[in-house]
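In this text the structure is predicted, and so the values were computed from the model without any measurement.
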Amino acid sequence: MPKAKGKNRRQKYSYNLNRKRLYRSARRRAAPRIACSHIRHAWDPTKSVAQNLAEMGLAEDPNKAVPIPKKKLGMEVESDGREQGKKIVRKPYVVNEMEYEASLPEKKSNTLSRDLIDYVQYMIQNHGENYKEMARDEKNYYQDTPKQIKRKINVYKNFYPEEYKDFIASLKQEKMDVQ
């Protein structure tokens, strides 16, 4: 059977359709993305963003929460002493958990690669503190200059000070055993 006439024609672009407005309204309906797990668990989807944040004791607008005092001609404008209505915080545990999490010390996740550690140990073992000799070594594949090698050794010393001390002590022990 033959195809229906006009099926293989290109669709015409509709210039009258406002695609930006369609995209914005679809984004507006989507739930807000919340990075903090404490806020995410306390969030009530039936309430507005301002209501949710006020219940948790968080500020919706930081400029209104901590206003900058206005100065006119070098003189400070004084307020009349009346405080604005305080909001009731129904979920104070959110702020407490966030403060506790912020007070924890950060873990150092910096480590050196095993290849770099082996390279530095090989160089120290064979050449001691002679960086020019290290630069001429056949294991110096990347053709590091003496200063670059010295910098790598110092990085190793700073990252693993105990391991470096143990390594140097074992080298001294080996030299004593040989003699």
Side-chain angles (χ1 to χ4, degrees), residues 20 23-24 26-28 30-45 49-50 52-74 76 87 89-179:
K20 285 184 180 178
Y23 175 71
R24 267 193 240 127
R27 281 201 61 196
R28 214 178 285 139
R33 290 184 187 165
I34 303 168
C36 181
S37 62
H38 307 297
I39 295 175
R40 191 181 308 120
H41 292 301
W43 195 266
D44 186 3
V49 174
N52 271 309
L53 292 176
E55 278 188 355
M56 293 178 212
L58 301 173
E60 177 190 14
D61 185 7
N63 296 322
K64 290 180 183 174
V66 184
I68 299 171
K70 294 182 181 181
K71 296 181 180 180
K72 289 188 179 181
L73 302 173
E76 291 187 23
K87 296 176 183 167
V89 179
R90 293 193 176 116
K91 299 175 184 176
Y93 61 90
V94 175
V95 175
N96 295 337
E97 288 172 354
M98 289 172 68
E99 285 176 352
Y100 172 74
E101 197 172 286
S103 69
L104 293 175
E106 252 184 74
K107 275 200 300 186
K108 275 192 176 180
S109 61
N110 309 14
T111 57
L112 297 178
S113 68
R114 190 73 235 164
D115 294 336
L116 182 65
I117 293 170
D118 293 340
Y119 171 76
V120 167
Q121 287 180 349
Y122 169 82
M123 290 297 186
I124 293 172
Q125 191 171 11
N126 291 332
H127 306 291
E129 293 289 319
N130 191 348
Y131 300 111
K132 288 184 180 178
E133 205 175 295
M134 289 180 192
R136 285 190 228 107
D137 193 294
E138 62 185 23
K139 288 259 185 167
N140 185 6
Y141 300 126
Y142 297 110
Q143 297 182 352
D144 292 329
T145 63
K147 280 190 174 182
Q148 289 173 324
I149 294 172
K150 184 177 183 179
R151 207 174 301 129
K152 286 181 180 182
I153 291 172
N154 286 335
V155 166
Y156 174 68
K157 287 179 187 177
N158 293 335
F159 271 73
Y160 304 104
E162 291 85 23
E163 187 177 318
Y164 176 75
K165 288 175 186 172
D166 294 341
F167 178 67
I168 296 298
S170 70
L171 287 178
K172 288 180 182 176
Q173 187 65 32
E174 285 178 17
K175 285 183 183 177
M176 290 179 151
D177 292 342
V178 170
Q179 293 174 352

Taking only residues two or more places apart in sequence or in another chain, which ones pass side-chain contact (heavy atoms from CB on, under 4.5 Å) with [X]?
{"X": "E106", "value": "none"}
{"X": "S103", "value": "Y100"}
{"X": "N130", "value": "K132, E133"}

Which heavy-atom pair separates [X] from [Y] by the least distance, and what is that distance?
{"X": "H41", "Y": "S37", "value": "CD2-O, 2.8 Å"}
{"X": "A135", "Y": "N140", "value": "O-ND2, 3.0 Å"}
{"X": "M134", "Y": "I149", "value": "SD-CG2, 3.4 Å"}

Discussion item. Can you confirm whether R90 is buried at CZ, in the sense that more than 12 heavy atoms of other residues, nucleotides or ligands lie under 6.0 Å from that atom?
Written reply: no
Discussion item. For the NZ atom on K152, are there more than 12 heavy atoms of other groups (residues, nucleotides or ligands in this structure) within a distance under 6.0 Å?
Written reply: yes
Under 3.5 Å, side-chain donor or acceptor atoms of residues 159-168 against the rest of the protein: list the pairs with distances, not counting sequence neighbours.
from, atom 1, to, atom 2, distance (Å)
Y160, OH, L112, N, 3.3
E163, OE2, Y156, OH, 3.1

When rounded to the nearest 0.5 angstrom, what is the spacing between [atom1] in [X] and [atom2] in [Y]?
{"X": "I39", "Y": "L53", "atom1": "CD1", "atom2": "CG", "value": "7.0 Å"}
{"X": "E97", "Y": "E99", "atom1": "CD", "atom2": "CD", "value": "11.0 Å"}
{"X": "K150", "Y": "N154", "atom1": "NZ", "atom2": "CG", "value": "6.5 Å"}
{"X": "N158", "Y": "I153", "atom1": "CG", "atom2": "CD1", "value": "12.0 Å"}

Item to complete: Apply side chain to side chain donor-acceptor pair (under 3.5 Å) to N126 and list each qualifying residue two or more places apart in sequence or on a separate chain.
Response: Y122
Discussion item. Which residues pass the side chain to side chain donor-acceptor pair (under 3.5 Å) test with E101, not counting sequence neighbours?
Written reply: H38
Item to complete: For side chain to side chain contact (heavy atoms under 4.5 Å, CB included), just list the numbers for L171 and Q125, CA-CA rounded to whole Å, side-chain angles, deciding distance to a tenth of an Å, and then say yes or no.
Response: CA-CA 7 Å; L171 287 178; Q125 191 171 11; 3.6 Å; yes
Item to complete: Go through the side-chain N and O atoms of Y131 and E129 and say whether any donor and acceptor fall under 3.5 Å apart.
Response: yes
Worksheet item: Mind checking whether K139 and Y141 have side chains closer than 4.5 Å, heavy atoms only?
Response: yes
